[in-house]
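So you know, we letter chains A, B, ... as the sequences are listed, proteins then strands, and number each from 1.
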There are 2 protein chains.
Amino acid sequence: MARLPVAERRRRLLAAAFTVISRAGVAGATTRAVVDEAGMKLASFHYAFASREELLAELVGDVIERTEVVLAVPPAPGETLEQLLERGLLRYLDTVREAPERERAMFELTQYAMRTPGLEGLAARQYEGYRALAAVSLAEAAERTGCAWQRPLDEVAAHLVALTDGLALAWLADADDTRAHRTASFAARALSAESRPAESRPAESRPASARPAPTRPAPPAHTAPPTRPEPPTRPAPPTRPGEPA
Amino acid sequence: MARLPVAERRRRLLAAAFTVISRAGVAGATTRAVVDEAGMKLASFHYAFASREELLAELVGDVIERTEVVLAVPPAPGETLEQLLERGLLRYLDTVREAPERERAMFELTQYAMRTPGLEGLAARQYEGYRALAAVSLAEAAERTGCAWQRPLDEVAAHLVALTDGLALAWLADADDTRAHRTASFAARALSAESRPAESRPAESRPASARPAPTRPAPPAHTAPPTRPEPPTRPAPPTRPGEPA
DNA sequence: CGGTGAGTGGGTCAGATGACCCAGTTGCGT
DNA sequence: ACGCAACTGGGTCATCTGACCCACTCACCG
């Protein structure tokens, strides 16, 4: 093995660990399995990390920071907030379907954190991060469709996080695309019901329901790209043809 | 140890296993830990089960069948569907708060099933069971408040399951009661939006929104009572004084 | 009331795993 | 060039774990 600076070695081990966890679960992420995945010798492991526990803790923290919004849905003209939200959620569902192991790994890591003495706080931080991402996306989505949230943004964000979690968990359990699709629609409907038309900020105001407007972004959902393997956020395959990004 | 018939021994081991898993996770449920929890000798384990795997498989299946609705909310006069649903969800939240380890154990068992070769099907069955329970409760709730679901019952049930999962997961991560409460309210709001006033079935019909009516049951949520420890469904402490059950 | 086999107890065994050590080697600064 | 310390390779060690064995004993049948 080439001579690597400790930092880089740690990074590679973290990435390898995530890969192993995706494949075999946290329990399967033994020092040997990780080291093997990274193509290193066992000694290198303990040179980079004091213990397996340290690696796991680092991984959890790492994953939190790297969590990204994978829902950047391309703009679509004259779309309502609900439609925009739905597309975003379906987009999220797609990423789960494409890499179920990754999503499972995320859930497992969260659970590991919740159950491990020093890491309970990290699980909370993880959800905090999810909510923050959700909030950003929801804010943008509302703005682009000329809507405003009727309740505090972070409150709506928490709801979105709960919905995506439930959605992902259910799909992971039964892999029923149809059902998941319907639940995504429901989620979009439910969330948009928490908004009102416009607020008068932009310029116009109308009493009716969500009014079309130049759209663009979309709702979020969490998914942590492994420290290395596979590109985090992809270009966003348009669910429907829309104006080119 | 008293001389026990195999069946009883298996039952006790399953109960002990669930207890251990609640405390230490699936990974911590070693044959020795389980046997210890049950106050038996290791040999008794392999007398009752061919392997640890067999016990775990049995436990997953077991837990599915024993999943119960813990949301039987007592009746409350003149309550809307939304209110009824909210109370039920809050009731569920209470059970999670009271025994977080149990809920965590449920999630972990599901994950174990999803990842274990022969058990993937069980995870799907588990969710099927959750939906069935949700469906029953939703049907009752709608009926008692003179409402009807606008979509297929099992579709709405899937949404409820997703919502409770998301709700529980979020609470387990950050233990934020306020936030969980708000999300529960949101869930109730969102679900009741999927219903319409009445259908004309009972007798009356009115265009307005959910009309009061004799209420009684409530929404569900899943929680598997351990094979033995602690009574599964409790008497349902009235969140509000209502007619005696 | 004696036999006997279901059920029990106290081991053993092989394999996996986390931690760690020590003798090298080799990149890099000087 | 040269030396040193950062880094690597190839072990070892104590534990834990799942599986399993075999002699014993006691409850119940005949």
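- Between A:Tyr127 and A:Tyr130, the ring planes lie perpendicular to each other; the angle is over 60°, past the 30° to 60° tilted range.
- Residue A:Arg125 qualifies as open at atom CZ: its count of foreign heavy atoms under 6.0 Å is 12 or below.
- B:Phe49 places its CZ atom 16 Å from the C1' atom of C:dG7, with the value rounded to the nearest Å.
- Taking atom CZ of B:Arg32 as the reference point, atom P of C:dG10 lies 14 Å away to the nearest angstrom.
- For the pair A:Leu55 CG and C:dA19 P, the computed distance is 11 Å after rounding to whole Å.
- A:Phe45 has its CZ atom 16 Å from the P atom of C:dC21, to the nearest Å.
- Straight-line distance from the CE atom of B:Met40 to the P atom of C:dG10: 15 Å, rounded to whole Å.
- The side chain of B:Thr30 sits closest to D:dT17 out of D:dT17, D:dG10, C:dG10.
- The closest side-chain donor-acceptor pair between A:Gln126 and A:Thr110 falls under 3.5 angstrom.
- In this structure, of D:dG18, C:dG7, D:dA19, it is C:dG7 that holds the atom nearest to the side chain of B:Tyr47.
- The number of heavy atoms from other shown groups lying within 6.0 Å of CD (B:Glu54) is above 12.
- If you measure from atom CG of A:Leu56 to atom C1' of C:dG18, you get 13 Å, rounded to the nearest angstrom.
- For the pair B:Glu54 CD and D:dC20 P, the computed distance is 12 Å after rounding to whole Å.
- Taking only side-chain nitrogens and oxygens, B:Arg52 comes nearer than 4.0 Å to OP1 or OP2 of D:dG18.
- By the 6.0 Å contact criterion, NE2 on A:His181 is open, its count of non-hydrogen atoms from other residues, nucleotides or ligands being 12 or less.
- Taking 4.0 angstrom as the limit, B:His46 places none of its side-chain polar atoms (N or O) nearer than this to OP1 or OP2 of D:dC20.
- Atom pair B:Glu8:CD and D:dA27:C1' shows a separation of 17 Å (rounding to whole Å applied).
- Look at B:Thr31 and you'll find a side-chain N or O under 4.0 angstrom from OP1 or OP2 of D:dG18.
- Of the residues near DNA chain C, B:Leu42 and B:Val6, the one whose nearest nucleotide (by heavy atom distance) lies more toward the 5' end is B:Val6.
- Comparing atom distances between the A:Ser51 side chain and each of C:dG10, C:dA19, D:dG18 picks out C:dA19 as nearest.
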